[in-house]
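Written out below as structure tokens is the structure these notes cover.
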Amino acid sequence: MGIVTQGLGKTVVLKNGEPLAILQDVSITIEQGEMVAIQGASGAGKSTLLHILGLLDTATEGEYWLDGAPVQHMKKKEAARQRNQTFGFVMQDFALIEDESVLDNILLPVLLGGGNMGKARERAGTLLAQFGLSDFAARRVGYLSGGEKQRVAMIRALINDPPYLLADEPTGALDSKSAALMMDIFSMVRKNWQKTIVIVTHDAGVAARCDRILRLSDGRMLP
């Protein structure tokens, strides 16, 4: 059923006591199986919206339905469980632990979620092979190239087999060749595993490879 928001807003209070609206009246629908880009200038609210969709943050106004179920007012413990099972995250800075091995990084979401580590190790091996990293399981992440780190981040996002992938500037730290390869991987993941993918990006080329582009300006969704 996908993602639906109605009148979503996020307001924070600054140190001087003044309210600052980061998001205002955001109403969107993202269908299952879509690959959607969110674009906008720096400070438009793109990352905040992505964090709300991924249950890393909460809106202060409006409603959010995930696969038909309301999640806007979910308690923190339930939101954490839902987030771990439903979303995989790919970030610009990779968010990997440099001193740990590739395998340990990949298995982290399973460890945090209390999943079956035996099955997760088997799945990790399969994914490493599919992404051309079979020989990298024991290698420390700090020794990898940017493109290799991004593939590890993608495998980690997929380890729990979530229906949704949320990516925040996933090609921002990559050269043009690696960025194109990363988008090939997103397209492959979407096609082969029927994932719903939401990508925040400044890159028009990345956005052009998505099904649709949602544009934010000053916290509001443009028509």
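Note that the structure is predicted; figures quoted are calculated from it, not measured.
Counting only distance, with no hydrogens or angles, the side chain of Gln32 and the backbone of Met1 share a donor-acceptor pair below 3.5 Å. A donor-acceptor distance shorter than 3.5 angstrom exists from the side chain of Thr5 to the backbone of Ile28, with no hydrogens or angles considered. Under a 3.5 Å cut-off, the side chain of Arg140 and the backbone N or O of Glu100 do not form any donor-acceptor pair. Put simply, the side chain of Thr11 never gets that close to the backbone of Pro19: no donor and acceptor are under 3.5 Å apart. One N or O on the side chain of Ser101 and one on the backbone of Asp104 form a donor-acceptor pair closer than 3.5 Å. A donor-acceptor pair under 3.5 Å links the side-chain atoms of Asp67 to the main chain of Gly2, judged by distance alone. Proximity of a side-chain donor or acceptor of Asn16 to a complementary backbone N or O of Glu18 within less than 3.5 Å is detected. Although no hydrogens or angles enter the test, the distance criterion places no donor-acceptor pair under 3.5 Å between the side chain of Glu78 and the main chain of Lys75. The backbone N or O of Lys191 sits less than 3.5 Å from a side-chain atom of Gln194, completing a donor-acceptor pair. No donor-acceptor distance shorter than 3.5 angstrom exists from the side chain of Arg156 to the backbone of Leu108, with no hydrogens or angles considered.
The number of heavy atoms from other shown groups lying within 6.0 Å of CG (Asp218) does not exceed 12. At most 12 non-hydrogen atoms from other residues, nucleotides or ligands lie less than 6.0 angstrom from CD of Gln6.
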| query | Yes or no on side-chain contact (heavy atoms from CB on, under 4.5 Å) for Leu66 and Tyr164, after CA distance, side-chain angles and deciding distance? | reply | CA-CA 10 Å; Leu66 179 62; Tyr164 295 90; 3.8 Å; yes
| field | Verdict with supporting geometry, Leu8 and Leu49, side-chain contact (heavy atoms from CB on, under 4.5 Å) | value | CA-CA 9 Å; Leu8 212 63; Leu49 176 57; 4.1 Å; yes
| task | Report the C-alpha separation of Val36 and Cys210 in whole Å, then their side-chain angles, then the decisive distance to 0.1 Å, and conclude whether the side-chain contact (heavy atoms from CB on, under 4.5 Å) test is met. | result | CA-CA 5 Å; Val36 174; Cys210 296; 5.7 Å; no
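Tyr64 and Ile38 end up in the same hydrophobic cluster when Ile, Leu, Val, Met, Phe, Trp and Tyr side chains are linked at under 4.5 Å. Leu128 and Tyr143 are members of different hydrophobic clusters when ILVMFWY side chains are connected at heavy-atom separations under 4.5 Å. Note: the hydrophobic cluster containing Met183 also contains Phe94 (ILVMFWY, side chain heavy atoms under 4.5 Å, direct or indirect links). Neither Leu165 nor Leu214 shares a network with the other; the hydrophobic side chains, linked directly or stepwise wherever heavy atoms of I, L, V, M, F, W or Y lie under 4.5 Å apart, form separate groups for each. At a threshold of 4.5 Å between side-chain heavy atoms, the hydrophobic network of Ile, Leu, Val, Met, Phe, Trp and Tyr places Leu55 and Val198 in one connected group.
Screening Asp57, Leu56, Val200 for a side-chain contact (heavy atoms from CB on, under 4.5 Å) involving Leu50 leaves a single residue, Val200.
In this structure the side chain of Glu148 never reaches within 4.5 angstrom of the side chain of Val141, judged on heavy atoms. Looking at Thr86 and Asn160, their side chains never come closer than 4.5 Å, going by heavy atoms from C-beta outward. Within the 4.5 Å cutoff, the side chain of Gln72 has no heavy atoms near those of the Trp65 side chain. Put simply, the side chain of Arg220 does not reach to within 4.5 Å of the side chain of Val26, judged on heavy atoms. A heavy-atom distance below 4.5 Å is found between the side chains of Glu63 and His73. Within the 4.5 Å cutoff, side-chain heavy atoms of Leu103 are placed close to those of Arg121. Annotation: side chain of Trp193 is in contact with side chain of Leu158 (closest heavy-atom distance under 4.5 Å).
Contact check on Asp203 versus Arg209 returns no salt bridge, with no Lys/Arg side-chain nitrogen under 4.0 Å from an Asp/Glu carboxylate oxygen. Remark: Arg212 engages Glu34 in a salt bridge, criterion side-chain N to carboxylate O under 4.0 Å. Using a 4.0 Å cut-off between a side-chain N of Lys or Arg and a carboxylate O of Asp or Glu, Lys195 and Asp161 qualify as a salt bridge.
Between Gln150 and Thr171 the shortest heavy-atom distance is NE2-N, 4.5 Å. Counting all heavy atoms, side chain and backbone alike, Ala124 lies closest to Ile106 at CB-CG2, 4.0 Å. Closest non-hydrogen pair, Leu53 versus Phe87, comes out as O-CZ, 3.0 Å. For the residue pair Leu166 and Gly54, the shortest heavy atom distance occurs at CD1-CA, 3.3 Å. For the residue pair Ala44 and Leu216, the shortest heavy atom distance occurs at CB-O, 3.7 Å. For the residue pair Val90 and Pro170, the shortest heavy atom distance occurs at CG1-CB, 4.2 Å.
Of the inter-residue distances, the one linking Thr48 atom OG1 with Ile22 atom CD1 reads 4.5 Å to the nearest 0.5 angstrom. Atom NE2 in His51 sits 5.5 Å away from atom CG in Asp168 (nearest 0.5 Å). One distance of note links OG1 of Thr58 with NZ of Lys76; it measures 8.0 Å at 0.5 Å rounding.
Geometrically, Arg139 engages Phe136 in a cation-pi contact, judged by NZ or CZ lying under 6.0 Å from the ring centre and within 45° of the ring axis.
Counted by atom type alone, His202 and Gln39 present zero donor-acceptor pairs between their side chains at under 3.5 Å. Residues Arg81 and Gln85 bring a donor and an acceptor atom of their side chains to less than 3.5 Å of each other. For the residue pair Ser187/Asp184, the side-chain donor-acceptor check at 3.5 Å is not satisfied.
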